[in-house]
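Report on the following structure.
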Amino acid sequence: QVQLVESGGGWVQAGGSLRLSCAASGRAYSNSVMGWFRQAPGKEREFVAAISRSGGTTYYADSVKGRFTISRDNAKNTVTLQMNSLKPEDTAVYYCSYNRYSTRYAANQVDYWGQGTQVTVSS
């Protein structure tokens, strides 16, 4: 089992920045991929970004490329999402994700979830 605890999030005006962090505990998998999904009201949970175990490979949704940066610290078992140039359409609950073996872009294929943290961007 893997437990994920998110921190960060909150309210910001459009154009601002926020930083999300996720700490993992429990069993560690050598090829794990950690990442973030988000879910806006009335919408399905969607992929945002992911990063390989080594940190050498990153994946981003087209909607956040160039604005969001994902990073990972394996010594601390944490993954961070730096969100810049935020837009109102980025408003959602953001969920940390953990996959044991490979990247998953569909929410129903994710192995473990965090509890979620709210991000609100006002215009």
Side-chain angles (χ1 to χ4, degrees):
Q1 287 286 347
V2 175
Q3 294 78 42
L4 304 172
V5 177
E6 297 121 335
S7 60
W11 177 89
V12 68
Q13 288 189 325
S17 299
L18 284 173
R19 187 179 182 93
L20 305 181
S21 292
C22 173
S25 62
R27 181 173 177 177
Y29 292 84
S30 59
N31 293 321
S32 64
V33 177
M34 295 185 71
W36 295 89
F37 283 68
R38 66 186 181 187
Q39 187 166 18
K43 295 187 177 181
E44 293 187 352
R45 194 171 296 188
E46 64 175 6
F47 171 81
V48 175
I51 186 167
S52 64
R53 169 75 176 175
S54 69
T57 304
T58 55
Y59 313 83
Y60 294 96
D62 288 343
S63 59
V64 306
K65 280 181 182 177
R67 300 188 298 122
F68 290 12
T69 302
I70 190 169
S71 59
R72 184 168 181 168
D73 185 338
N74 289 325
K76 297 181 180 179
N77 292 324
T78 58
V79 63
T80 299
L81 186 68
Q82 178 66 42
M83 304 184 293
N84 299 327
S85 302
L86 283 161
K87 305 175 181 180
E89 51 264 43
D90 294 318
T91 295
V93 177
Y94 283 70
Y95 295 91
C96 181
S97 67
Y98 186 106
N99 286 306
R100 292 170 292 173
Y101 307 116
S102 60
T103 305
R104 291 289 183 261
Y105 299 101
N108 62 3
Q109 295 178 337
V110 170
D111 292 329
Y112 299 100
W113 292 107
Q115 80 282 3
T117 185
Q118 178 70 45
V119 170
T120 302
V121 184
S122 64
S123 58

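Quantities reported herein were computed from a predicted structural model and do not represent experimental measurements. Heavy atoms only: backbone and side chains are in, while hydrogens, waters and symmetry mates are out.
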Check whether any side-chain heavy atom of Asp90 sits under 4.5 Å from a side-chain heavy atom of Arg67, and report yes or no. yes

Between the CG atom in Leu18 and the OG1 atom in Thr117, the distance rounded to the nearest 0.5 Å is 9.0 Å

Tell me whether Phe37 shares a hydrophobic cluster with Ile70, the cluster being built from Ile, Leu, Val, Met, Phe, Trp, Tyr side chains joined at under 4.5 Å. no

Decide yes or no for Asn74 and Arg72: does some side-chain heavy atom of the first lie under 4.5 Å from some side-chain heavy atom of the second? yes

Interatomic distance, Gln39 atom CD to Gln118 atom CD [nearest 0.5 angstrom]: 11.0 Å

Under the 3.5 angstrom rule, does the side chain of Thr91 hit a backbone N or O of Val121 as a donor-acceptor pair? yes

Side-chain contact, heavy-atom cut-off 4.5 Å: Leu86 with Phe68? yes

Separation between CZ (Arg19) and CG (Asn84), nearest 0.5 Å, reads 9.5 Å

Same cluster for Trp113 and Val33 if Ile/Leu/Val/Met/Phe/Trp/Tyr side chains link at under 4.5 Å? no

Would Tyr112 and Tyr94 show up in the same hydrophobic cluster when neighbours are defined by side-chain heavy atoms closer than 4.5 Å? yes

Ala49 and Tyr60 have their tightest heavy-atom pair at CB-CD2, 3.7 Å

Rounded at 0.5 Å granularity, tell me how far OH in Tyr29 sits from OG in Ser102. 13.0 Å

By side chain to side chain contact (heavy atoms under 4.5 Å, CB included), Asn31 pairs with (sequence neighbours left out) none

With sequence neighbours left out, which residue pairs that include part of residues 79-123 fulfil the disulfide (SG to SG under 2.5 Å) condition? Cys22-Cys96

Looking at every heavy atom in both Gln115 and Val5, which two are closest together, and how far apart are they? OE1-CA, 3.9 Å

Is there a side-chain contact between Arg38 and Val64 in this structure, where contact means two heavy atoms from C-beta onward sitting under 4.5 Å apart? yes

Verdict with reasoning, Arg53 to Ser30, per side chain to side chain contact (heavy atoms under 4.5 Å, CB included): CA-CA 7 Å; Arg53 169 75 176 175; Ser30 59; 5.6 Å; no

Could I get the full list of side chain to side chain donor-acceptor pair (under 3.5 Å) partners for Glu89, not counting sequence neighbours? none

Distance-minimising heavy-atom pair for Tyr98 and Ser32: OH-CB, 3.2 Å

Closest heavy-atom pair, Thr80 versus Ser21, reported as atoms and distance to 0.1 Å, is OG1-OG, 3.6 Å

State, yes or no, whether a side-chain contact exists between Leu20 and Met83 at a heavy-atom distance under 4.5 Å. yes

Would you say that Trp36 contacts Val79 through its side chain, given a criterion of any heavy-atom pair below 4.5 Å between the two side chains? yes

Is there a side-chain contact between Tyr95 and Glu6 in this structure, where contact means two heavy atoms from C-beta onward sitting under 4.5 Å apart? yes

Cluster link Tyr105 to Tyr101, ILVMFWY, side chain under 4.5 Å: no

If you define the side chain from C-beta out and look only at heavy atoms, does anything of Ser97 sit under 4.5 Å from Arg45? no

Taking the basic N atoms (NZ, or NE/NH1/NH2) and the acidic carboxylate oxygens, is any pair closer than 4.0 Å for Asp111 and Arg104? no

What are the two closest non-hydrogen atoms of Val110 and Asn99, and how far apart are they? CA-OD1, 3.2 Å

May I ask you to say whether Asp62 pairs ionically with Lys65, meaning some side-chain N is under 4.0 Å from a carboxylate O? yes

Does a sphere of radius 6.0 Å around CD in Gln13 hold more than 12 heavy atoms from other residues, nucleotides or ligands, not counting ones at 6.0 Å or beyond? no

Val93 and Phe47: same hydrophobic cluster, using ILVMFWY side-chain contacts below 4.5 Å? yes

Taking all atoms of both residues into account, what is the closest heavy-atom pair of Ala92 and Ala40, and its distance? CB-N, 3.8 Å

